[in-house]
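In what follows, a structure is listed as structure tokens, so that the remarks can point back to it.
Nothing here was measured: the structure is a model prediction, and the numbers come from that model. Just so we're on the same page: letters track the sequence lines, and every chain starts at 1.
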There are 2 protein chains.
Amino acid sequence: MANDEKRSLTLRDVSEVSGVSEMTVSRVLRNRGDVSNATRERVLRAAKDLGYVPNKIAGALASQRVNLVAVIIPSLSNMVFPEVLSGISQVLESTDLQPVVGVTDYLPEKEEKVLYEMLSWRPSGVIIAGLEHTEAARAMLAASGIPVVEIMDVDGKPVDAMVGISHRRAGREMAKAILKAGYRNIGFLGTKMPLDHRARKRFEGFTEALAKEGVEIAQKEFYSGGSALAKGREMTATMLEREPELDFLYYSNDMIGAGGLLYLLEQGIDVPGQIGLAGFNGVELLQGLPRQLATMDACRREIGVKAAEIIAAQGEGKDTAMVTELTPKISFGDTLKRR
Amino acid sequence: MANDEKRSLTLRDVSEVSGVSEMTVSRVLRNRGDVSNATRERVLRAAKDLGYVPNKIAGALASQRVNLVAVIIPSLSNMVFPEVLSGISQVLESTDLQPVVGVTDYLPEKEEKVLYEMLSWRPSGVIIAGLEHTEAARAMLAASGIPVVEIMDVDGKPVDAMVGISHRRAGREMAKAILKAGYRNIGFLGTKMPLDHRARKRFEGFTEALAKEGVEIAQKEFYSGGSALAKGREMTATMLEREPELDFLYYSNDMIGAGGLLYLLEQGIDVPGQIGLAGFNGVELLQGLPRQLATMDACRREIGVKAAEIIAAQGEGKDTAMVTELTPKISFGDTLKRR
DNA sequence: CGCAGAAATGTTATCGCGAACAACGCTTGA
DNA sequence: TCAAGCGTTGTTCGCGATAACATTTCTGCG
């Protein structure tokens, strides 16, 4: 069954064993073209006995086709991108395409490097998070000649196609809901965000909508690194110490929101009576919390699905919409009064 | 800067623009061999102007070398594997190797498929989670002729190298610690684990060590799917309803443990006085909980680091240890009495 | 039985790059 | 001035597969 040679097997080895030409072996293994059942079986048998695994490198070079889709995202360690990936995988599973993931750690230069690396494998498409890239990265994407889908965000101009939500609008909507519920003394807690453009846009939309009603954010607090849950806890404590009059806390993601929620409950503070809370993302984690945190679904899975569908469709020559804006819905949970 | 042709660029295009041979361009772009500064700069300039990205497919075929390391893991959506990955990436970053991730969803057939797919790209090494694979998968690994490191687990026989902890031992140690603290009426909560061999082994070690002291697990509960935090909560409620006399709950992972902890605290139950708790993995999340859950670190990052080091070393022809067993440490937290 | 047309199989020419070796040209010292 | 020596650049060939076309072997039907 196994083979112990140093040199790896080729079509030629299989063809010699099965007594047909390399071309026929190739046809059998790719299920393409007419091959009689007898030879097909003989070839499959030989391939299996030898433990032959086709060399896609050579195959790709010869056929000028690579069944890979580059997926470039900032991080795997929060809950958001794995869910996007799962949407992508689900769709691609029914095609012959395969996702390959690259992680950028929110660093533009690393993004550029990862992109270069992936493009050098000539994938069939690129799905990349965000609309902000280095100039070189944009140029590569534009020059690549393959379908490109920028995801998560629609506040900007895409190289090619984009699928996402408007984070500015998400921030605005949340602000409106908060104001409508009667809160006025609002604190914001988020990541240090020079490089997280989507968090920044939410923040901008949020402050903008507040300003329109003459409200200004009373307190801000930013973190970076560490356990988000713990950070949410700490930041909440710090902020309330500084400004006990706050009646609402808007967190830029659910994890720190959850940390804040746990802290407030521990302190015996009335949520949402005394203080209201809201996060962002709609992560699954929230379902296990003592109280349901108000949040806004970022449509992560759906974004992955749509993006993959675009790539798959373009692979088949079909035309597709260039911009797909999804609309997140507020979930009020138990931490944001309704009216 | 950008190029709009349909056909993608080749060395030839760059060579024509810069007026040297393709070989010289190749040398410049790979930083290999002697090239005068004048031509080097001319070539780099041309490549950049054209937006040329080398074709690694052709390069790999010609050089018979691929700088990819296949990393095959069951899931991305829990906290455990991303951390392993981060260890791997960190090490590989200082080499010219690059990880490529494949996900199996804990399904042996999918693992086999993913492995086949990855091997067909002729990577420089394979890092794969677990010691249990289909026979075909084992055969492929053995026949591949490249370094293979099986990770996470050392309770079994590896194809080649392995790095991990003994989950049987981890289960035993936790059992001992629990007994030593005086608990006797113990419940177990975990995943439905026919396919999660490591969870199964922990469970086996756990029951075995209890049995040695004449203790038997009083209640068991298994889940699958859904939000782990919420499941932990539900299962804990169910279990205590069925058997209020329990004085300890051992969870097969920290997420469900955290759900249980939150539930118990809400119910005003004295932890760890009335009921003790422990989980497994040592995930970062725990740091934000109201009380520190007892757990056992799975050495995830370190496993990734060691595995990557082995691959990197073998790439350079160095010999390495075939078995690396790491020893997890119990962290008592606030939910397991000390003696 | 014979021949058209389909089915099955083989042949040849790439694909884009890198390894190995060849050739070039400039410096240097006898 | 010229050969040796070295740094630099070019040529040839092949990596392992597939596309496109060529050829052979079956079929079926008049």
Side-chain angles (χ1 to χ4, degrees), chain A residues 3 5-44 46-47 50 52-67 96 117 119-124 144-145, chain B residues 3 5-44 46-47 50 52-67 96 117 119-124 144-145:
Chain A
N3 164 291
E5 313 261 332
K6 66 232 32 197
R7 212 181 42 70
S8 102
L9 298 163
T10 73
L11 276 188
R12 152 150 251 104
D13 298 290
V14 182
S15 86
E16 274 167 7
V17 170
S18 50
V20 298
S21 73
E22 302 174 34
M23 195 60 228
T24 301
V25 176
S26 169
R27 279 195 271 253
V28 169
L29 295 177
R30 282 178 302 145
N31 261 319
R32 210 167 307 262
D34 296 316
V35 180
S36 73
N37 272 329
T39 50
R40 155 169 293 112
E41 268 159 38
R42 208 140 38 84
V43 168
L44 286 176
L50 289 170
Y52 173 72
V53 177
N55 185 331
K56 288 221 177 175
I57 296 175
L61 184 62
S63 67
Q64 303 284 53
R65 280 184 291 93
V66 179
N67 68 337
D96 63 346
E117 200 68 30
L119 287 181
S120 75
W121 288 100
R122 301 290 189 265
S124 294
S144 68
Chain B
N3 164 293
E5 312 260 331
K6 65 232 33 198
R7 213 179 42 70
S8 102
L9 298 163
T10 74
L11 275 187
R12 153 149 250 102
D13 298 289
V14 182
S15 86
E16 275 168 6
V17 170
S18 51
V20 298
S21 73
E22 302 174 34
M23 196 58 228
T24 301
V25 176
S26 169
R27 280 196 270 255
V28 170
L29 295 178
R30 283 177 301 142
N31 262 318
R32 209 167 306 262
D34 297 317
V35 181
S36 73
N37 271 328
T39 49
R40 154 168 293 112
E41 269 158 38
R42 208 140 40 83
V43 168
L44 286 176
L50 289 170
Y52 173 71
V53 177
N55 186 332
K56 289 220 177 178
I57 296 175
L61 185 61
S63 67
Q64 302 283 60
R65 279 186 290 96
V66 178
N67 67 337
D96 64 345
E117 200 68 30
L119 286 181
S120 75
W121 288 100
R122 302 288 188 266
S124 295
S144 69

Just how far, in rounded Å, is [atom2] of [N] from [atom1] of [X]?
X	N	atom1	atom2	value
Ile57(A)	dA17(D)	CD1	C1'	11 Å
Arg27(B)	dT9(D)	CZ	P	8 Å
Glu22(B)	dT12(D)	CD	C1'	12 Å
Asn67(A)	dA17(D)	CG	P	16 Å

(Q) With a 4.0 Å cutoff (strictly under), does any side-chain N or O of Thr24(A) reach OP1 or OP2 of dG10(C)? (A)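 For dG10(C), OP1/OP2 do have a side-chain N/O of Thr24(A) under 4.0 Å.
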(Q) Any side-chain N or O of Tyr52(A) below 4.0 angstrom from OP1/OP2 of dG16(D)? (A) no
Q) Of Arg42(B) and Ala62(B), whose nearest nucleotide on DNA chain D comes first from the 5' end? A)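 This one resolves to Arg42(B).
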Q) If we only count heavy atoms from C-beta on, is the Val17(A) to Val43(A) side-chain gap below 4.5 Å? A)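 SC-SC contact between Val17(A) and Val43(A) ruled out.
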Q. Quick one: on DNA chain C, does Leu61(A) or Ser63(B) contact a more 5' nucleotide (nearest heavy atom)?
A. Leu61(A)
Regarding [X], tell me which of base, sugar-phosphate or nothing describes its non-hydrogen contacts under 4.0 Å with the strands shown.
X	answer
Arg30(A)	sugar-phosphate
Leu11(B)	sugar-phosphate
Asp34(B)	base

(Q) Between dG16(D) and Arg122(B), counting only base atoms on the nucleotide and side-chain atoms on the residue, is there a donor-acceptor pair under 3.5 Å? (A)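 Per atom types, no contact qualifies.
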Q. Does any N or O donor sit under 3.5 Å from an N or O acceptor when you compare the side chain of Arg65(B) with the base of dG18(C)?
A.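 When only heavy-atom distances are counted, Arg65(B) does not reach the base of dG18(C) through any donor-acceptor pair under 3.5 Å.
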Q | Over all atoms of both residues, closest heavy-atom pair of Thr10(B) and Tyr52(B) | A | C-CE1, 3.5 Å
**Q.** Nearest heavy atoms of Arg40(A) and Val35(A), plus distance in Å
**A.**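 Looks like NH1-O, 3.4 Å.
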(Q) Please check: side-chain N/O of Ser124(B) versus main-chain N/O of Val66(B), any donor-acceptor pairing under 3.5 Å? (A)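 It does hold such a pair.
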**Q.** Reported CG-to-CZ distance for the pair Leu61(B) and Arg122(B), which is rounded to 0.5 angstrom
**A.**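 So the gap between those two atoms works out to 10.5 Å.
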Q | Out of dA19(C), dC17(C), dA19(D), whichever nucleotide has its closest atom nearest the side chain of Ala58(B) | A | dC17(C)
